[in-house]
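One-based numbering, in listed order, for ligands and for the atoms of each. Quantities reported herein were computed from a predicted structural model and do not represent experimental measurements. Counting begins at 1 with the first residue of the sequence.
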Amino acid sequence: MSVSPEIFKEVMGRFGSSVTIVTFKHDSGIHGLTVSAFCSVSLEPPRILVCIKKQGSSHEFLSQSERFVVNILAKEQQDLAWQFSNPELGSEDRFAGASYKTTEPGLPVFTDNLAHLECRMVNQFDGGDHTIFLGEVENCYFSEESTPLFYYNRGFHTL
Ligand SMILES: Cc1cc2nc3c(=O)[nH]c(=O)nc-3n(C[C@H](O)[C@H](O)[C@H](O)COP(=O)(O)O)c2cc1C
């Protein structure tokens, strides 16, 4: 018996998670997309993964990038999460109005994050209709004051 995409989505919607925006730099400019498929993989060396759908416009750009940043969002960044999940918006419009700085290699980092991780791409694995990108964490920061944004059952929530 095969599992339908509808029931699979319903079930996975019951798994709440934090929300991130993965940002990166490509020859074509800076890019970013909202991602909840993010987790820690290894402590030594420090490694994380993100899963990105192959059909989106970001996939090809990210697959060619040497570095990316995982911005872990604070509760005030809900609008940003929607903006960076809108496939109708090009890169320039997604970053419009967003407050960010750039790291030494030129990657965007949002200034109001709960935390962020600066990663070097170490491998890419086929995961079906998504690719699993494995990154080694070169730098990471967190804010003592902020609280997280959560995504559960297709909606955003706070603590
Ligand atoms: C809360 C939330 C979590 C998401 N998580 C992921 C994810 O883990 N991987 C993914 O590929 N897309 C995810 N998306 C969808 C992408 O953000 C969306 O398809 C976006 O348009 C992709 O960017 P692109 O059009 O530049 O490829 C998520 C969207 C939302 C609202």
Quick test: of every protein heavy atom, which one is nearest to atom 19 (O) of ligand 1, and how far off is it to 0.1 Å? K53 NZ, 2.8 Å
Any idea how F24 and H31 line up, ring-wise: parallel (<30°), tilted (30 to 60°), or perpendicular (>60°)? parallel
In the protein, what heavy atom is nearest to atom 26 (O) of ligand 1, and what distance, to one decimal place, separates them? S58 OG, 2.6 Å
With a 4.0 Å cut-off, would you call E138 and R67 a salt bridge? yes
Is there a nitrogen or oxygen of S57 sitting under 3.5 Å from a nitrogen or oxygen of ligand 1? yes
Is ligand 1 under 4.0 Å from a heavy atom in the side chain of F84, in the backbone, in both, or in neither? backbone
Atom CD of residue position E60 - does it have more than 12 heavy atoms of other residues, nucleotides or ligands inside 6.0 Å? no
To check your reading of the model: name the closest protein heavy atom to atom 22 (C) of ligand 1, its residue, and the distance in Å. L33 CD1, 3.6 Å
Protein contact of atom 3 (C) of ligand 1 - nearest heavy atom, named by residue and atom, plus distance: S36 OG, 3.5 Å
For atom 10 (C) of ligand 1, which candidate among G90, C51, G155 holds the nearest heavy atom? C51
For ligand 1, does A81 get within less than 4.0 Å through its side chain, its backbone, both, or neither, judged by non-hydrogen atoms? neither
Taking atom 23 (O) of ligand 1 as the reference point, the nearest protein heavy atom with its distance: R94 NH1, 3.3 Å
among protein heavy atoms, the one nearest atom 15 (C) of ligand 1 is T34 O, 4.0 Å
Please determine whether the number of non-hydrogen atoms from other residues, nucleotides or ligands lying under 6.0 Å from atom CG of L43 exceeds 12. no
Write out the residue and atom name of the closest protein heavy atom to atom 29 (C) of ligand 1, then the distance separating them to 0.1 Å. S85 CB, 3.8 Å
With rounding to the nearest 0.5 Å, note down the distance linking CD1 in I21 to CD1 in I72. 12.0 Å
Do ligand 1 and F156 have nitrogen or oxygen atoms that lie under 3.5 Å from each other? no
Which word best sums up how the rings of W82 and Y151 line up, parallel for under 30°, tilted for 30 to 60°, or perpendicular for over 60°? perpendicular
CA sep, side-chain torsions, deciding dist, call: H59, F133, ring pair (Phe, Tyr, Trp, His ring centres under 6.0 Å): CA-CA 10 Å; H59 182 274; F133 293 95; 5.7 Å; yes
